[in-house]
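Step one of this worksheet: look at the structure below.
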Number of protein chains: 2
Amino acid sequence: MTENHHQPLEGKECHKHLLSVRDALDVLNGKWKIPIIIALSFGNYRFKELHRAIGITPKMLSKELKDLEMHELVVRNVYSTNPVSIEYSLTPYAATLRQVIESLDKWGEQHRARVMKKTTA
Amino acid sequence: MTENHHQPLEGKECHKHLLSVRDALDVLNGKWKIPIIIALSFGNYRFKELHRAIGITPKMLSKELKDLEMHELVVRNVYSTNPVSIEYSLTPYAATLRQVIESLDKWGEQHRARVMKKTTA
DNA sequence: CATACTGGTTTCCTAAAGGAAAGCAGATCA
DNA sequence: TGATCTGCTTTCCTTTAGGAAACCAGTATG
């Protein structure tokens, strides 16, 4: 804490990390991608189910699902039932996000608790 | 993967997680908060240093630093040198984000590698 | 035949994110 | 006395995110 003054910060290992998180955030940006992935981690669900459970508008849901498909995190499954039913599911690749989502979840939970305590005090 | 069809998804543990990540994302939203925290994890830095190292505009940097201060993740230190110098540093609370940032960093790095491999192939 | 469900799309709108550039006060340096 | 650095702020602008509501085709179901 005291006198933690610095090397120049330019041209350092720092930039490698900045680049990595930028790449990650380019995929996970916005309000909805992580919530959608979380919901689908509980099972495969249909469009309207996701819409209702997450509280996302159909327009955004449609767009975000396409983005997630593009990044190979989600798959759209069409079943030839009658009538056709459609389900979204996570790809195996989405499982690589587990640590990200778990730590975010955990942090959010404790942060909420911390904020509650402060505002109540 | 096959037949992972679902319980209703409503009123379940899922919502707890949705709530937590929403709380986390409310604090860490946008393109810049995490990059700023990463930079400051390498030491305390001044406004223009951050501006140059991260490639963020002064307007955004100013705004994001205020947000981060508000959430008690960053502190603005004014030193009575002559002339006054100002440094930003992380609070101890910011350390609780370590897992979040590390996993995001790691995921971004491997994701970049994966994408590179695909586009080259 | 009417109603309702699914899986979306479309249109309209507002607000927020974010960049570019200029400016500004205070101090220092030549 | 200019020029230059710092730590910002201000203005102007474009893009994106996101919500609300309506709509639509296809398939039921009553």
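Proteins come first, then strands; the chains are lettered A, B, ... in the order of their sequence lines, and each starts at number 1.
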Counting only side-chain N and O atoms of A:R76, is one of them less than 4.0 Å from OP1 or OP2 of C:dG7?
-> no
Salt bridge present between A:E109 and A:R114 (N-O < 4.0 angstrom) = no
Counting only side-chain N and O atoms of B:K31, is one of them less than 4.0 Å from OP1 or OP2 of C:dA16?
-> no
B:E64 side chain, from C-beta outward: closest of C:dG7, C:dG18, D:dA17 = C:dG18
Send over the distance from A:M60 CE to D:dA17 C1', rounded to a whole Å.
-> 6 Å
Could you please name the option among D:dC8, C:dG8, C:dG19 that lies closest to any side-chain atom of B:W32?
-> C:dG19
Which nucleotide in D:dT9, D:dC8, C:dT9 has an atom nearest any side-chain atom of A:S62 | C:dT9
Taking the nucleotide of DNA chain D with the closest heavy atom to each, which residue, A:K63 or A:N82, is nearer the 5' end?
-> A:K63
Rounded to the nearest 0.5 Å, the CG atom of B:N44 sits from the OH atom of B:Y88 at a distance of 12.0 Å
D:dA20 OP1/OP2 closer than 4.0 Å to side-chain N/O of A:T57 | no
In this structure, CG of A:L68 is separated from CZ of A:R76 (nearest 0.5 Å) by 14.0 Å
Nearest whole angstrom, please: distance from the C1' of D:dT27 to the CZ of A:F47.
-> 18 Å
Would you kindly compare A:K59 and A:R52 by the position of their nearest DNA chain C nucleotide and give the one closer to the 5′ end?
-> A:R52
Salt bridge (Lys or Arg N to Asp or Glu O under 4.0 Å) between B:E64 and B:K33: does it pass, once the steps are laid out?
-> CA-CA 6 Å; B:E64 299 291 77; B:K33 266 145 206 149; 3.4 Å; yes
Would you say A:Y79 reaches C:dT6's phosphate, i.e. side-chain N/O to OP1/OP2 under 4.0 Å?
-> no
B:K48 NZ to C:dC24 P, in whole Å, measures 15 Å
Identify whether any heavy atom of A:P83 sits under 4.0 Å from a base atom; if not, whether one sits that close to sugar-phosphate; answer base, sugar-phosphate or nothing.
-> sugar-phosphate
